[in-house]
Colleague: 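First, the structure itself, so that you have it in front of you.
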Amino acid sequence: SLSPLTQHTILPSVVNIQDHFSIKYETIIYIFSISTLAMAIMHIAYGFLSDTFGRKNIILYALVLYICSSLLILLVDHSYKFLLFFRFFQAAGACVGIVLSIAIIKDITPIKDTFKIISFVISANMTIPIFSPIIGGVLNENFGWQLIHLFFIIICIPLFFYTKRV
């Protein structure tokens with residue numbers, strides 16, 4: 001669920017990011033294009049990588065990539081190009097859950113239960129875009145657009161440790 005959370009929580013802060021970097025509307029939209037590109041590439045790559053290096057290892061590396069990219073977005077607030085660069089890697093780390101959750105479900109569940117469980121996971125992923133703009137709007141209005149990325153880090157750190165433990 002990190003992927004839709006990452007993509008949709010930032011929506012309410014587009015105008016503030018645009019003002020912060022003094023860029024045009026046509027340019028600010030690249031924060032969504034670059035993350036969509038990263039997700040498209042990594043949806044293909046994660047399957048191969050997880051088959052080669054193990055699902056848990058790839059999930060852990062992707063979560064570290066997500067945390068580090070979010071942190072670097074917080075630290076680099078003077079260059080829109082750096083924001084796009086780190087946003088690419090943030091999105092690349094974010095989409096691991098969608099890809100590998102389905103693979104793991106197929107690996108560990110009986111065939112008769114697989115589709116039922118996958119439909120539940122997909123339904124959960126579809127509810128995230130409903131609530132994430134609200135969360136992003138509250139964070140943006142009260143603390144600024146940068147704190148949305150701190151929120152991402154706070155959400156992801158427990159996921160990392162939980163994944164490492166199981």
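For reference, positions follow the sequence shown, starting with 1.
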Colleague: Flag yes if Y61 and I157 sit in one hydrophobic cluster, no otherwise; membership is Ile, Leu, Val, Met, Phe, Trp, Tyr, and two members link when side-chain heavy atoms are under 4.5 Å apart.
Modeller: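 Each belongs to a different hydrophobic cluster.
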Colleague: Specify whether F89 and F85 have parallel, tilted or perpendicular ring planes, treating 30° as the upper limit for parallel and 60° as the lower limit for perpendicular.
Modeller: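 Correct class here is perpendicular.
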Colleague: Quick one: pull up CG in L100 and CG in D51 and give me the separation to the nearest 0.5 Å.
Modeller: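 Those atoms lie 9.0 Å apart.
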Colleague: Should I102 and F115 be regarded as members of a common hydrophobic cluster, given that ILVMFWY residues are connected when their side-chain heavy atoms come within less than 4.5 Å of each other, either directly or indirectly?
Modeller: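 No, I102 does not connect to F115 through the hydrophobic network.
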Colleague: Does a side-chain heavy-atom distance below 4.5 Å link M39 with I98?
Modeller: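 No. Closest side-chain heavy atoms not under 4.5 Å.
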Colleague: Is there a path of hydrophobic side-chain contacts, each under 4.5 Å between heavy atoms of I, L, V, M, F, W or Y residues, that connects L60 with F161?
Modeller: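 In one cluster: yes.
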Colleague: So V96 and L65, do their side chains get closer than 4.5 Å, heavy atoms only?
Modeller: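 No, too far: nothing below the 4.5 Å cut-off.
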Colleague: How many angstroms lie between atom CG of N57 and atom CG of L49, to the nearest 0.5 angstrom?
Modeller: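 N57 atom CG to L49 atom CG measures 11.0 Å (nearest 0.5 Å).
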Colleague: Minimum heavy-atom separation for S50 to G47, with atom names?
Modeller: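 Looking at all heavy atoms of both residues, the closest pair is OG-O, 3.1 Å.
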Colleague: Please give me the minimum heavy-atom distance between S132 and T9, naming the atom from each residue.
Modeller: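 Answer, listing the atom of S132 first, then T9: CB-OG1, 3.1 Å.
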Colleague: Transitively linked via ILVMFWY side-chain contacts under 4.5 Å: I108 with I111?
Modeller: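 No.
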Colleague: Tell me whether N142 contacts the main-chain N or O of V138 through its side chain, where contact means a donor paired with an acceptor under 3.5 Å.
Modeller: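 Between the backbone of V138 and the side chain of N142 there is a qualifying donor-acceptor contact (under 3.5 Å).
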Colleague: For W145 and H20, take the angle between the two ring planes, folded into 0 to 90°, and tell me which bin it lands in: parallel under 30, tilted 30 to 60, perpendicular over 60.
Modeller: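 Aromatic pair W145/H20 classed perpendicular.
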Colleague: Let me see the working for S13 and I148 under side chain to side chain contact (heavy atoms under 4.5 Å, CB included), right down to the final yes or no.
Modeller: CA-CA 9 Å; S13 63; I148 292 172; 3.7 Å; yes
Colleague: Would Y66 and T6 count as a side chain to side chain contact (heavy atoms under 4.5 Å, CB included) here? Give the steps.
Modeller: CA-CA 10 Å; Y66 183 81; T6 303; 2.7 Å; yes
Colleague: I want to check something: taking the side chain as every heavy atom from C-beta on, are T27 and F21 in contact at a cut-off of under 4.5 Å?
Modeller: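 Side-chain contact under 4.5 Å: no.
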Colleague: What's the separation between atom CD1 in I28 and atom OG in S33, rounded to the nearest 0.5 Å?
Modeller: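 Those atoms lie 11.0 Å apart.
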Colleague: How many angstroms lie between CG in L139 and CD1 in I134, if you round to the nearest 0.5 Å?
Modeller: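 Interatomic distance, L139 CG to I134 CD1, rounded to 0.5 Å: 12.0 Å.
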Colleague: Mark yes or no for whether S22, through its side chain, and Q18, through its backbone, hold a donor-acceptor pair below 3.5 Å.
Modeller: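 Judged by distance alone, no pair lies under 3.5 Å.
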Colleague: In the structure I gave you, are the side-chain heavy atoms of L83 and Y80 within less than 4.5 Å of one another anywhere?
Modeller: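 In short, these two side chains touch, coming nearer than 4.5 Å.
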Colleague: Any chance you could measure R87, atom CZ, to L84, atom CG, to the nearest 0.5 Å?
Modeller: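 Rounded to the nearest 0.5 Å, the CZ-CG separation comes to 9.5 Å.
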Colleague: S101 and V121: which non-hydrogen atoms are nearest, and at how many Å?
Modeller: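 Of all heavy-atom pairs spanning S101 and V121, the closest is OG-CG1, 3.8 Å.
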Colleague: Just do the side chain to side chain contact (heavy atoms under 4.5 Å, CB included) check on F151 and L5 with the steps written out, would you?
Modeller: CA-CA 11 Å; F151 170 72; L5 181 75; 4.2 Å; yes
Colleague: Which pair of heavy atoms, one from L11 and one from P133, lies closest together, and at what distance?
Modeller: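 What the structure gives for the nearest pair is CD1-CG, 4.5 Å.
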Colleague: Between CD1 of I118 and OG1 of T109, what distance do you get to the nearest 0.5 Å?
Modeller: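 The CD1 atom of I118 sits 6.5 Å away from the OG1 atom of T109.
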Colleague: Pair L71, F86 - check side chain to side chain contact (heavy atoms under 4.5 Å, CB included), show working.
Modeller: CA-CA 9 Å; L71 180 63; F86 295 127; over 6 Å; no
Colleague: Would you check if the side chain of Y46 reaches a backbone N or O of A92 as a donor-acceptor pair within less than 3.5 Å?
Modeller: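 Yes.
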Colleague: With a 4.5 Å heavy-atom cut-off, do V64 and I67 have their side chains touching?
Modeller: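 No; the side chains remain at least 4.5 Å from each other.
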Colleague: What is the minimum heavy-atom distance between A38 and A91, and which atoms define it?
Modeller: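 Closest approach of A38 to A91: CB-CB, 3.9 Å.
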Colleague: Is there side-chain contact between L72 and F82, with at least one heavy-atom pair below 4.5 Å?
Modeller: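 The answer is no; the side chains never approach within 4.5 Å.
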Colleague: Using the rule that two of Ile, Leu, Val, Met, Phe, Trp, Tyr join whenever any of their side-chain heavy atoms come within less than 4.5 Å, decide whether I105 and F120 are in one cluster.
Modeller: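 No; tracing contacts between hydrophobic side chains, which count when under 4.5 Å, never links both residues.
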Colleague: Side chains of L2 and I155: closer than 4.5 Å at any heavy-atom pair?
Modeller: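 Side chain of L2 against side chain of I155, heavy atoms only: contact under 4.5 Å found.
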Colleague: Determine whether more than 12 heavy atoms belonging to other residues, nucleotides or ligands lie under 6.0 Å from atom NZ of K56.
Modeller: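 Yes, enclosed.
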Colleague: With a 4.5 Å cut-off on side-chain heavy atoms, are I10 and H149 touching?
Modeller: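 SC-SC contact between H149 and I10 confirmed.
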